[in-house]
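One structure is given below, encoded as structure tokens.
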Amino acid sequence: MTTIAIPGGANPEIREAITKAKQKFGSKIDFTIYDVEDNGAGDYHFVACSPETVISTAVKSVATGEAQILMKGIVQTHDLLKEVLKKEYDLRQQKLLSHVAMIHLPQMDRPILLTDSGMNIAPDVEQLVQIADNAITTAQKIGIEEPKVALLSSAEIFNPKMPSSVLAKEVTEQMQDRRATVYGPLSLDLALSKEAVAHKHFTGPIAGDADVLVVPTIDTGNVLYKSLLLFGQAVMGGTIVGTKVPIVLTSRSDSAESKLLSLEFAMKQLGGEEHE
């Protein structure tokens, strides 16, 4: 059984998500809410905390192995991540944490991953290498053994005057020894559309079959994420990666379907481990 710890989870939106998750995953999943008080009822465990210990008590539960996934309730993301990164918990696995979203589009017969549209603002070469590495590790955990990682820019032709193009080229050169295909600069259409590849007579290691999209800045990623959500009928779920446990970030505006996908995505990252 996989247990999810939720600091600040005693609110109607989280309880609704828990109910739907239990309906979908059944006995495979369990929840523990950490909060000051619980005025509702549901299929979960509740641990009463003081306002000052809601987050720390939940984080301690994943650090000790009592829970395997950390899910943000109504608490500040900054406060949650600050607690997670304290040395006493030994939860940091990578130098840099990043956000990875799993995206299901009706036009595609497979999910794609998008990073980093929610955490790192304007990564330099070293940071983008780590972001891509985090995404590769995540892709492999969910069953994509040798992912194709597209480093996005506005065009596939290197342009020394375009920062995203320079960044993609340098990252590509540094990541040739990975168990993955990392390539850029590459435009979005050539990363995902075989029709665009044929029309432009493009030849390259990634040609309409990217598994992972890496954006150069959070602005690019945020616009792409919301455009797919608003106009592409996409269903998305995301987690923070780079720690020893997946961290699910949700907001009140997320649909129930999105919350469920985030949980499913996090569960897949556990690598099929069974938790008793």
Side-chain angles (χ1 to χ4, degrees), residues 94-103 105 107-108 110-140 144 146-232 234 236 238-242 249:
Q94 302 296 341
K95 182 177 179 181
L96 186 74
L97 305 190
S98 53
H99 184 270
V100 178
M102 174 184 276
I103 302 172
L105 286 163
Q107 302 91 337
M108 301 184 68
R110 60 190 175 84
I112 55 173
L113 303 184
L114 171 65
T115 191
D116 181 346
S117 62
M119 193 163 183
N120 295 286
I121 296 173
D124 57 21
V125 172
E126 180 183 355
Q127 291 169 329
L128 203 64
V129 166
Q130 184 62 71
I131 289 169
D133 261 335
N134 287 351
I136 290 168
T137 299
T138 303
Q140 290 169 342
I144 307 172
E146 296 187 14
K148 293 192 173 185
V149 181
L151 305 172
L152 296 184
S153 185
S154 61
E156 71 279 6
I157 299 172
F158 172 68
N159 184 345
K161 295 183 179 181
M162 187 178 297
S164 62
S165 186
V166 174
L167 188 64
K169 183 175 185 292
E170 292 183 5
V171 172
T172 298
E173 291 171 352
Q174 289 194 26
M175 297 190 71
Q176 293 305 303
D177 60 344
R178 303 309 197 271
R179 190 184 166 191
T181 300
V182 181
Y183 180 76
L186 194 63
S187 59
L188 179 65
D189 56 341
L190 294 180
L192 295 180
S193 170
K194 290 188 178 294
E195 290 78 5
V197 168
H199 180 73
K200 292 184 178 181
H201 306 289
F202 175 74
T203 58
I206 299 176
D209 56 353
D211 300 299
V212 181
L213 305 177
V214 180
V215 296
T217 67
I218 197 171
D219 291 333
T220 305
N222 187 268
V223 170
L224 177 56
Y225 183 100
K226 290 180 179 176
S227 296
L228 294 174
L229 188 64
L230 290 172
F231 308 115
M236 308 185 188
T239 64
I240 296 295
V241 300
L249 298 183

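As a basis for the values below, the full set of heavy atoms in this structure was taken, side chains included, without hydrogen atoms, waters or symmetry mates.
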| Shortest non-hydrogen separation from Thr115 to His99 and the atoms involved | OG1-O, 2.7 Å
| field | Euclidean distance, Ile112 CD1 relative to Met102 CE, rounded to 0.5 Å | value | 10.5 Å
| message | Quick one: does any side-chain atom of Gln127 pair with a main-chain N or O of Asn120 as donor and acceptor, under 3.5 Å? | response | no
| query | Quick one: CD1 on Ile103 to OG on Ser117, what's the gap to the nearest 0.5 Å? | reply | 7.0 Å
| message | Take a 6.0 Å sphere around CG of Leu230 and say whether it holds more than 12 heavy atoms from other residues, nucleotides or ligands. | response | yes
| note | All heavy atoms of Leu128 vs all of Pro123, minimum pair found to be CD1-CG, 3.7 Å
| request: Please list, chain by chain and in numerical order, all residues satisfying side-chain hydrogen bond (donor to acceptor under 3.5 Å, both in side chains) with Thr137, sequence neighbours excluded. | output: none
| query | Any side-chain heavy-atom pair from Leu167 and Leu151 closer than 4.5 angstrom? | reply | no
| query | What pairs with Ser153 under side-chain hydrogen bond (donor to acceptor under 3.5 Å, both in side chains), at least two apart in sequence or on another chain? | reply | Ser164
May I have the list of side-chain donor-acceptor pairs in residues 214-225 shorter than 3.5 Å, sequence neighbours left out?
residue: Thr217; atom: OG1; partner: Thr220; partner atom: N; Å: 3.3
residue: Thr217; atom: OG1; partner: Thr220; partner atom: OG1; Å: 3.0
residue: Asn222; atom: OD1; partner: Lys226; partner atom: NZ; Å: 3.4

| message | I'd like to check the side-chain hydrogen bond (donor to acceptor under 3.5 Å, both in side chains) partners of Ser187; sequence neighbours left out, ordered by chain and number. | response | Asp189
| field | side chain to side chain contact (heavy atoms under 4.5 Å, CB included) partners for Gln94, two or more places apart | value | Gln130, Asn134
| What salt bridge (charged side-chain N to carboxylate O under 4.0 Å, His left out) pairs are there with at least one residue in residues 169-178, not counting sequence neighbours? | Asp133-Arg178, Lys169-Glu173
| field | Any residue meeting side chain to side chain contact (heavy atoms under 4.5 Å, CB included) with Ser193, in chain and number order, not counting sequence neighbours | value | Glu195, Ala196
| Checking side-chain contact (heavy atoms from CB on, under 4.5 Å) against Ser98, which of Ile240, Thr239, Ile131, Thr138 comes through? | Ile131
| field | Closest heavy-atom pair and its distance - Leu186, Ala150 | value | CD2-CB, 3.9 Å
| task | Rounded to the nearest 0.5 Å, what's the gap from CG on Leu228 to CG on Leu213? Could you check? | result | 8.5 Å
| field | Minimum heavy-atom distance between Ile136 and Arg179, given as atom pair plus value | value | CG2-O, 4.5 Å
For residues 201-212, please give each side-chain donor-acceptor pair under 3.5 Å, one per line with the distance, not counting sequence neighbours.
residue: Asp209; atom: OD1; partner: Ala207; partner atom: N; Å: 3.0
residue: Asp209; atom: OD2; partner: Lys148; partner atom: NZ; Å: 2.7
residue: Asp211; atom: OD2; partner: Lys148; partner atom: N; Å: 2.8

| task | Search all heavy atoms of Leu229 against all heavy atoms of Ala234 and return the closest pair with its distance. | result | CD1-O, 3.6 Å
| For Glu126, which residues count as a side-chain hydrogen bond (donor to acceptor under 3.5 Å, both in side chains) partner, sequence neighbours excluded? | Lys95
